[in-house]
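All remarks here apply to the structure that follows.
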Amino acid sequence: MKKTAFIIIALLLAFGCSDEKHEVPKEDNPLFSTSRAISLNQLGETINLEKIGIYNPTKVIKKDSLLIVLDLNGLNKISIYQENGKLLGSYLPTGMGADRGLYILTMNLDNKGILSAYDFGNDRLVEFDLNHFGQPEFGPKFIDMPKDKKHLCVAKSGTTIISTGMFDDGRYGLMNNNNEEYFLSYPEIPSYRTINDTLRSALFASNIIKIKPDGTKFVCANMQSGIIDFCSLIPCTNITRVAELNLYSPKATVKNMRRTPVAYSTDNLFGFCDIEVTDEYIYALYSGRSYRKYKDQIVYGERIVVFDWEGNHVHTYLLRNPFTSISFNKEENAIYGLTNNPNSVLIKYTLD
């Protein structure tokens, strides 16, 4: 099924699935506690995407009167529409090679109007300068990543590029002027203490990275656990860890096998579905669902956990409508959440 295919891609590797049962974590932490939870009831506009011809998108960013649509399974990976549904342009037709796109999980629009997305099927970062949209020169520009490492998640701010992937040399890659260095260790989890760095990088392969708008920090959240990392980029030639929260560890069997090195338990809780950032806060869309209970609906987040850039929990928004992805609109001070169940709808929540 289509959503199952998305889950497989989201794992970033052809990982297996284990029937081994694990106790679901019940720790009192920001993801489970309701002591600082807020119901996000300030419902703004709702855009029925299917009524304007947009079906099953992966992520939608609203900018002024434009809808920027990422479609993992589409014939074209990124398309731009007017709010009334008029298609203004489609880019990155599915495939390998020049001007094409293969596997893109998320995208980011920065404060300068640069839209970026990482295509780990073609090993390159894709950028669009929306300030030139509608002009003849508008279109994708590509930045190839080094081929000697498998990069799975990449984010860019200015000339600085941060990445995670199948790295033996460190948790994060930092690239400036085509020179990549590696920093920090993988999360220390007692049950996986004996595995080598290759297997450790596979266990923590599925991540989302977002860089703070001023370029001084970044956050990395794991899709397959409750692990979220807050890091500093000061100076810009070095990565230091501000805080690491291991709210719960992944439940998986790790074996030295080439095709399926990691088999997640069907009771493993899916972690962070998406992240949006501002200069003040990090908005982390969190699932907490297991495949055993939710099947293809595992990738829906039921709450948005808000942190500051020091890693402190600020509060948690409880969602009436679980989302697969979110985007933040600075001009409107609003979160837009995407759901494809049962129909594709974009829902706006104005923040306090």
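These values consider heavy atoms only, across backbone and side chains, with no hydrogens, waters or symmetry-generated copies.
Remark: Leu269 CG to Leu31 CG distance equals 9.5 Å, nearest 0.5 Å. Here the straight-line distance linking atom CG of Asn321 with atom OG1 of Thr339 works out to 7.0 Å at 0.5 Å rounding. Separating the CG atom in Leu130 from the CZ atom in Phe128 is a distance of 8.5 Å, to the nearest 0.5 Å. Interatomic distance, Ile52 CD1 to Ile47 CD1, rounded to the nearest 0.5 Å: 6.5 Å. Ser206 OG to Phe272 CZ: the interatomic distance, rounded to the nearest 0.5 Å, is 11.5 Å. Annotation: the span from Ile347 atom CD1 to Tyr349 atom OH amounts to 5.0 Å, rounded to 0.5 Å.
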Kindly determine whether Tyr291 and Asn268 satisfy side chain to side chain contact (heavy atoms under 4.5 Å, CB included), including the steps that lead there. CA-CA 7 Å; Tyr291 183 79; Asn268 183 66; over 6 Å; no

Step by step, work out the side chain to side chain contact (heavy atoms under 4.5 Å, CB included) result for Lys217 and Val277. CA-CA 11 Å; Lys217 294 181 179 180; Val277 298; over 6 Å; no

Please lay out, stage by stage, how Leu319 and Ile304 fare under the test side chain to side chain contact (heavy atoms under 4.5 Å, CB included). CA-CA 8 Å; Leu319 301 173; Ile304 297 173; 4.0 Å; yes

N/O donor to acceptor pairs below 3.5 angstrom from side-chain atoms of residues 78-91, sequence neighbours left out:
from, atom 1, to, atom 2, distance (Å)
Ser79, OG, Ser90, OG, 3.1
Asn84, OD1, Lys86, N, 3.0

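Here the closest non-hydrogen pair linking Ser157 and Gly215 is OG-CA, 3.7 Å. When all heavy atoms are compared, the tightest approach of Ile275 to Ala221 is CD1-CB, 3.2 Å. Annotation for Pro250 and Ile227: closest pair CD-CD1, 4.2 Å, computed over non-hydrogen atoms. Heavy-atom minimum distance, Lys77 versus Gly74: NZ-O, 3.4 Å. Of all heavy-atom pairs spanning Ile195 and Arg200, the tightest one is O-NH2, 3.1 Å. Nearest heavy-atom pair, Ser163 versus Val154, reported as atom, atom and distance to 0.1 Å: CB-CG2, 3.8 Å.
For Glu331 and Lys62, the salt-bridge test fails: no basic side-chain N is under 4.0 Å from an acidic carboxylate O. Using a 4.0 Å cut-off between charged nitrogen and carboxylate oxygen, Lys212 and Asp214 count as a salt-bridge pair.
The backbone N or O of Ala334 lies less than 3.5 Å from no partner atom in the side chain of Asn329, so there is not a single donor-acceptor pair. Under the 3.5 Å distance criterion, the side-chain polar atoms of Tyr317 are left unmatched by any main-chain donor or acceptor of Leu285. Of the possible donor and acceptor atoms, one in the side chain of Asp110 sits under 3.5 Å from a partner among the backbone N and O of Gly113. Proximity of a side-chain donor or acceptor of Asn222 to a complementary backbone N or O of Ile228 within less than 3.5 Å is not detected. In this structure, the side chain of Thr58 engages the main chain of Leu72 through a donor-acceptor pair within 3.5 Å. Remark: side-chain polar atoms of Tyr300 are paired, donor with acceptor, to backbone N or O of Asn341 under 3.5 angstrom. Judged by distance alone, with hydrogens and angles left aside, the side-chain atoms of Trp309 form no donor-acceptor pair with the main-chain N or O of Ile282 at under 3.5 Å. No side-chain donor-acceptor contact under 3.5 Å links Asn343 to the backbone of Asn48. One N or O on the side chain of Asn176 and one on the backbone of Cys236 form a donor-acceptor pair closer than 3.5 Å.
Looking at Leu338 and Phe323, their side chains never come closer than 4.5 Å, going by heavy atoms from C-beta outward. Thr324 has its side chain out of reach of Cys273: every pair of non-hydrogen atoms, C-beta onward, lies at least 4.5 Å apart. Put simply, the side chain of Asn56 does not reach to within 4.5 Å of the side chain of Asn73, judged on heavy atoms. Taking 4.5 Å as the limit, every side-chain heavy atom of Ile54 sits out of range of all side-chain heavy atoms of Asp71. The closest side-chain heavy-atom distance from Leu115 to Lys63 is not below 4.5 Å. Residues Arg171 and Phe204 form a side-chain contact, since some pair of their non-hydrogen atoms from C-beta on lies under 4.5 Å apart. Looking at Cys153 and Tyr118, their side chains never come closer than 4.5 Å, going by heavy atoms from C-beta outward. Residues Cys220 and Cys231 are not in side-chain contact: their nearest non-hydrogen atoms beyond the backbone lie 4.5 Å or more apart.
Among residue pairs with one or both ends in residues 142-163, those qualifying as ring pair (Phe, Tyr, Trp, His ring centres under 6.0 Å) are His151-Phe167; sequence neighbours excluded. Screening residues 172-184 for salt bridge (charged side-chain N to carboxylate O under 4.0 Å, His left out), with sequence neighbours left out, gives no hits. Pairs of residues two or more places apart, or lying in two chains, that qualify as salt bridge (charged side-chain N to carboxylate O under 4.0 Å, His left out) and include a residue from residues 225-246 are Asp229-Arg241, Arg241-Glu244. Applying the side-chain hydrogen bond (donor to acceptor under 3.5 Å, both in side chains) test to pairs two or more places apart or on separate chains, none has a residue in residues 134-143. Applying the ring pair (Phe, Tyr, Trp, His ring centres under 6.0 Å) rule to pairs touching residues 57-80 yields nothing, sequence neighbours excluded. Identified under the side-chain hydrogen bond (donor to acceptor under 3.5 Å, both in side chains) test for residues 121-133, with sequence neighbours left out: Asp119-Asn122, Asp123-Lys150, Glu127-Lys156, Asp129-Asn131.
The number of heavy atoms from other shown groups lying within 6.0 Å of OH (Tyr192) is above 12. Residue Asp148 qualifies as enclosed at atom CG: its count of foreign heavy atoms under 6.0 Å is above 12.
Remark: Glu302 engages Arg289, Tyr294, Pro322 in a side chain to side chain contact (heavy atoms under 4.5 Å, CB included) (not counting sequence neighbours). Every residue meeting the side chain to side chain contact (heavy atoms under 4.5 Å, CB included) condition with Lys59, not counting sequence neighbours, appears here in chain and number order: Ile61, Leu70, Thr106, Met107, Lys210, Asp274, Glu276, Ser325, Ser327. His313 meets the side chain to side chain contact (heavy atoms under 4.5 Å, CB included) test with Pro30, Arg36, Val305, Phe307, Thr316; sequence neighbours excluded. For Asp169, the salt bridge (charged side-chain N to carboxylate O under 4.0 Å, His left out) criterion is met by Lys149, not counting sequence neighbours.
Aromatic ring orientation, Tyr248 versus Tyr286: perpendicular (interplanar angle above 60°, classes split at 30° and 60°).
Annotation for Tyr172: hydrophobic cluster partners, listed by chain and number, are Ile162, Leu174, Phe183, Leu184, Ile209, Ile211, Phe218, Leu233, Ile239 (ILVMFWY side-chain heavy atoms under 4.5 Å, direct or chained).
Note on Leu66: it does not cluster hydrophobically with Val60, by side-chain heavy-atom contacts below 4.5 Å among ILVMFWY residues. In the hydrophobic cluster analysis, where Ile, Leu, Val, Met, Phe, Trp and Tyr join through side-chain heavy atoms closer than 4.5 angstrom, Tyr336 is grouped apart from Leu318. Val69 and Val345 are members of different hydrophobic clusters when ILVMFWY side chains are connected at heavy-atom separations under 4.5 Å.
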